[in-house]
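This one's a predicted model, so the numbers in the text were calculated from it and none came from an experiment.
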Amino acid sequence: MKTRSHSSILFLLLLLLSLLVSGCSSDAQPAASEDLIVGNWKTVDGKNQMLFFEDGTVSAGSVGGNMDTGTWHMVDGVLSISDSYGETQVFDNVEITENTLVLESMGITETFYRDTDEAVAADKTLDELNAQLLESDIFSETAKEISANSQGDLTYSLIDARDGSDQNGEFVYDFTQSHEYTYLTELVTERITFAYNPSADDFYILSTESNPGEEVWNIVGHWDYAPMDPYETLQSLAVDITRADSKTFDISYTYEKRTEALASTTEEFSGSGTYTATEPYAPYYECGYDLIVDLDDDVTIYVSRDDGVLVQTPGSKRTMEFSN
């Protein structure tokens, strides 16, 4: 029984087309002659290549890695590639210029660039390249993909512009997306390095780095609690928050509590300081709050992205009244 290896050229081509998607070059035109396709073609990041030979053979794979060989022929702009098992893939949307090869399969388009093995240096300044990057498809597509996961505005900023190892330009951008809640803004940053390929006159993503989200709490102000049940142990609680940075809070507080259950006498306590909050064992959607702050041995407050500051009451946690 004949089985197909995943190293076949058709598998490699479809893998390249599915993983390395980019827009068609705007100056690409249908090939006038199949001779134009002969040569070495690489993706913009230089990681994958296709080599078309005059004798009708073709190799495809990763640069410096495994290559698979098959045969090709092109008639009237339609490219057919057969693998070593005799199975054929037809690319009926092929565009070739002197420097670009655009192939489309199953609705996915990939652009390859001719590699002549000659070192090409950028003839543009870093400022010119950065301006070109901001107008490029890969930059807009990257921003669109990140903003799809954002509940607020997406902002970006240039962190570094430098000559790369090949003197062709690298640009480091921070894309910051915000998740907005009633009392919390969570900022998550993706640091993305774009590199320029002068042979392709285009950019690719060199590296990505995700940074932990920064939490900006909107709870600075005065919070009051008065019991609904006159027999509660906690008779009053006033909390003043003057700083709220992630899990660190500057708080002063006073509260009044019964000396014993149902006793008519009460005591008043107060305190202040810088407090480091802890996270609950259960996730937010299970417990309804994000952080726990122990004011002292008797009173604990809870910080919620939707409700602000809460305090424990018999059987539940109740939202305190906020005034800023």
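Ring planes of Phe139 and Phe194: tilted class, angle from 30 to 60°. Using the six-membered ring where Trp is involved, Tyr196 and Phe203 have ring planes that are tilted, between 30° and 60° apart. Ring orientation note: the planes of Tyr173 and Phe175 are tilted relative to one another, at an angle of 30° to 60°.
Remark: Ser270 pairs with Thr254 by the side-chain contact (heavy atoms from CB on, under 4.5 Å) rule, at least two apart or across chains. In this structure, the side-chain contact (heavy atoms from CB on, under 4.5 Å) partners of Asp55, at least two apart in sequence or on a different chain, are Phe53, Thr57. For Ser323, the side-chain contact (heavy atoms from CB on, under 4.5 Å) partners are His222, not counting sequence neighbours. With sequence neighbours left out, the side-chain contact (heavy atoms from CB on, under 4.5 Å) criterion links Thr189 to Asp174, Thr176, Asn211. Scanning for side-chain hydrogen bond (donor to acceptor under 3.5 Å, both in side chains) contacts around Glu186 gives an empty result, with sequence neighbours left out. Evaluation of the side-chain hydrogen bond (donor to acceptor under 3.5 Å, both in side chains) rule for Gln132 yields Lys124, Asp201 as partners, not counting sequence neighbours. Every residue two or more places apart in sequence or in another chain was checked for a side-chain hydrogen bond (donor to acceptor under 3.5 Å, both in side chains) with Asp92, and none qualifies. Qualifying side-chain hydrogen bond (donor to acceptor under 3.5 Å, both in side chains) partners for Glu267, counting only residues two or more places apart in sequence or in other chains: none.
Proximity of the aromatic rings of Trp223 and Phe249 is defined here by a centroid distance below 6.0 angstrom, and this criterion is not met.
Checking Asp250 against Thr274 by side-chain atom types alone, a donor-acceptor pair falls below 3.5 Å. A donor-acceptor contact closer than 3.5 angstrom links the side chains of Glu190 and Ser210. There is no side-chain donor-acceptor pair under 3.5 Å between Glu170 and Thr193. Ser59 and Thr69 share a side-chain donor-acceptor pair at under 3.5 Å. In the model, Thr43 has a side-chain atom that pairs as donor or acceptor with a side-chain atom of Asp45 under 3.5 Å. Looking at Ser178 and Thr185, their side chains never bring a donor and an acceptor atom within 3.5 Å of each other.
Legend: salt bridge (charged side-chain N to carboxylate O under 4.0 Å, His left out) pairs involving residues 209-219, not counting sequence neighbours: none detected. Among residue pairs with one or both ends in residues 291-304, those qualifying as salt bridge (charged side-chain N to carboxylate O under 4.0 Å, His left out) are Lys257-Asp298; sequence neighbours excluded. Evaluation of the salt bridge (charged side-chain N to carboxylate O under 4.0 Å, His left out) test over residues 308-324, restricted to residues two or more places apart or in two chains, returns none.
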For residues 277-288, please give each side-chain donor-acceptor pair under 3.5 Å, one per line with the distance, not counting sequence neighbours.
from   : atom 1 : to     : atom 2 : distance (Å)
Glu279 : OE2    : Lys247 : NZ     : 3.2
Tyr284 : OH     : Asp306 : OD2    : 2.3

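Pairing each heavy atom of Leu295 with each of Tyr253, the nearest pair is O-OH, 3.3 Å. Contact record, Tyr183 with Gly308: CD1-N, 3.2 Å, taken as the closest heavy-atom pair.
Remark: Asp68 CG to Asp83 CG distance equals 7.0 Å, nearest 0.5 Å. Going from atom CE of Met74 over to atom CG of Asp35 covers 8.5 Å, rounded to the nearest 0.5 Å.
Judged by distance alone, the side chain of Gln49 and the main-chain N or O of Gly46 form no donor-acceptor pair under 3.5 Å.
Among Asp245, Ile241, Asp290, the single residue meeting the side chain to side chain contact (heavy atoms under 4.5 Å, CB included) criterion with Trp217 is Asp290.
Residues Ile251 and Val239 meet the side-chain proximity criterion, which asks for heavy atoms closer than 4.5 Å.
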